[in-house]
Q: 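Below you will find the structure I want to go over with you.
Ligands are counted one by one from 1 in listed order, and the atoms in each one are counted from 1 as well.
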Amino acid sequence: MTLPKYRMRRRRGSESMRALTRETRLHVSDLVLPIFVAERESDAGPVSSMPGVERYAVTQLERLAERLNGSGVPAVMLFGIPAKKDADGSGAWKDDGVVCQALQRLRTLVPELTLMADVCLCEYTSHGHCGMLNGEAVDNDRTLVALQKAALAYARAGADIVAPSGMMDGMVAAIRSALDENDQTDTAILSYAVKYASAFYGPFRDAADCAPSFGDRRTHQMDPANRREALREAEIDLQEGADMLMVKPALSYLDVLSSLKQGFKGVPLAAYQVSGEYSMIKAAAANGWIDERKIALETLLSIKRAGASMILTYFALDAARWLRQDG
Ligand code: PBG
């Protein structure tokens with residue numbers, strides 16, 4: 001019996017032949033850079049747990065704009081670090097708050113950039129929880145009103161996309177109606193619909209200074225053991241009016257991403273390669289144990305292959321350069 005010699009033919013292929021049969025390509029236009037913007041200059045500077053990442057003060061955004069201009073990276077996701085925190089997180093929705101200032105500044109500095117704004121209270125509350133509290137528990141419905149005010153302020157300041165990340169029940173419907181009733185019908189909603197209670201957020205809580213001062217986020221973030229629940233979360237958010245959905249973290253949840261891709265054809269999916277995923281690669285590379293560039297590009301390609309049409313990654317500017325060098 002003669003066996004088919006498929007593998008041998010495949011091995012003989014040149015790079016140009018491999019390119020012809022390649023199923024997935026990573027492109028710079030897939031990437032979104034998350035950025036931390038501080039209201040005070042004293043809060044700006046490098047994030048020690050995330051080498052290569054820094055917090056920019058609003059007054060320093062020109063330097064970031066220079067790096068973005070010409071990079072080909074089409075979008076940023078903004079996280080604000082307010083000068084003052086309080087129990088209600090009121091810094092999140094002030095018209096002249098840090099995110100609104102940064103949106104206006106970036107709009108003039110990089111007019112073409114798609115501006116996404118994270119909508120959550122955890123960077124603004126003194127206790128570090130994602131919502132207002134009632135005793136020690138997050139008060140879901142009172143928090144919704146705050147999220148509406150924040151999303152509206154960001155839309156008015158120039159956000160193209162608002163991205164509620166706090167996993168509050170009803171957050172998408174609440175934000176959609178607030179936007180629609182206030183002439184912001186063109187602002188899209190990217191819902192962090194599928195956000196797991198993950199240890200991979202560790203370095204971010206450092207960067208955004210938002211670790212909960214007591215308790216954790218397991219009451220509203222998802223159990224890492226659950227995949228089918230992700231489909232329910234996605235369905236609910238789509239019904240509430242989400243334009244796009246996010247899965248977060250990315251690499252440990254590629255099966256979830258793939259299920260959503262199959263279950264909701266036509267819905268743009270985002271995946272967030274979170275701080276812990278980034279810092280693990282950085283730390284191993286700094287030890288000379290892995291090749292940073294190859295590993296970063298391989299993880300990003302895998303995330304794309306699993307179904308993401310956009311990837312939030314702290315590697316965005318580096319990946320843009322690597323992809324350019326690779327032609
Ligand atoms: C909440 C939020 C978090 C991240 C993005 N938005 C932190 C959390 O839920 O504790 C984490 C992102 C990362 O780890 O890179 N506003």
Q: If the cut-off is 4.0 Å to any non-hydrogen atom of Y272, which atoms of ligand 1 fall inside it?
A: 12 (C), 15 (O)
Q: Under the ring-ring contact (aromatic ring centres under 6.0 Å, His included) definition, can you give me all pairs with a residue in residues 77-116, not counting sequence neighbours?
A: F36-F79, F79-F204
Q: Just wondering, do L323 and L297 contact through their side chains at under 4.5 Å, heavy atoms?
A: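 Heavy-atom side-chain distance check passes, below 4.5 Å.
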Q: Can you list the atoms of ligand 1 that are under 4.0 Å from a heavy atom of K248?
A: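 In order of numbering, the contacting atoms are 2 (C), 3 (C), 4 (C), 5 (C), 6 (N), 11 (C), 12 (C).
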Q: Counting from 1, what ligand 1 atoms have a heavy atom of C122 closer than 4.0 Å?
A: 1 (C), 16 (N)
Q: Does a sphere of radius 6.0 Å around CG in D96 hold more than 12 heavy atoms from other residues, nucleotides or ligands, not counting ones at 6.0 Å or beyond?
A: yes
Q: State the atoms of ligand 1, each with its element, that fall below the 4.0 Å cut-off from a heavy-atom position in S275.
A: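 Counting from 1, the qualifying ligand atoms are 13 (C), 14 (O), 15 (O).
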Q: Only heavy atoms of K195, strictly under 4.0 Å: list the atoms of ligand 1 that pass.
A: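 Taking each heavy atom of K195 in turn, ligand 1 has 1 (C), 2 (C), 3 (C), 6 (N), 8 (C), 9 (O) under 4.0 Å.
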Q: Just checking, is any N or O donor in the side chain of S259 or R227 under 3.5 Å from an acceptor N or O on the other one?
A: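 Yes, R227 and S259 have a side-chain donor paired with an acceptor closer than 3.5 Å.
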Q: Under 4.0 Å from a heavy atom of F79: give me the atoms of ligand 1 that qualify, with their elements.
A: 5 (C), 6 (N)
Q: To the nearest 0.5 angstrom, please state how far the CD1 atom of I189 sits from the CE atom of M171.
A: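 Answer rounded to 0.5 Å: 9.5 Å.
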Q: Enumerate the atoms of ligand 1 whose separation from the nearest heavy atom of C120 is less than 4.0 angstrom.
A: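 Once the distances to C120 are compared, the set is 16 (N).
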Q: Can you pull out the closest protein heavy atom to atom 12 (C) of ligand 1? Residue, atom name and distance to 0.1 Å, please.
A: F204 CD1, 3.3 Å
Q: Please enumerate all residues that pass side-chain contact (heavy atoms from CB on, under 4.5 Å) together with A296, with sequence neighbours excluded.
A: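 With neighbours one apart ignored, the set is F315, W322.
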Q: Around atom NZ of K149, are there more than 12 heavy atoms from other residues, nucleotides or ligands closer than 6.0 Å?
A: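 Yes.
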Q: Side chains of R293 and Q325: any donor to acceptor distance under 3.5 Å?
A: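 Present: a donor and an acceptor within the cut-off.
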Q: At under 4.0 Å between heavy atoms, is it the side chain or the backbone of Y278 that contacts ligand 1, or both, or neither?
A: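 Answer for Y278: neither.
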Q: Does S165, backbone or side chain, put an N or O under 3.5 Å from an N or O of ligand 1?
A: yes
Q: In terms of atom number and element, which parts of ligand 1 are under 4.0 angstrom from non-hydrogen atoms of E123?
A: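 Going through ligand 1 atom by atom, the ones under 4.0 Å from E123 are 16 (N).
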Q: Has Q273 got any heavy atom lying under 4.0 angstrom from an atom of ligand 1?
A: no
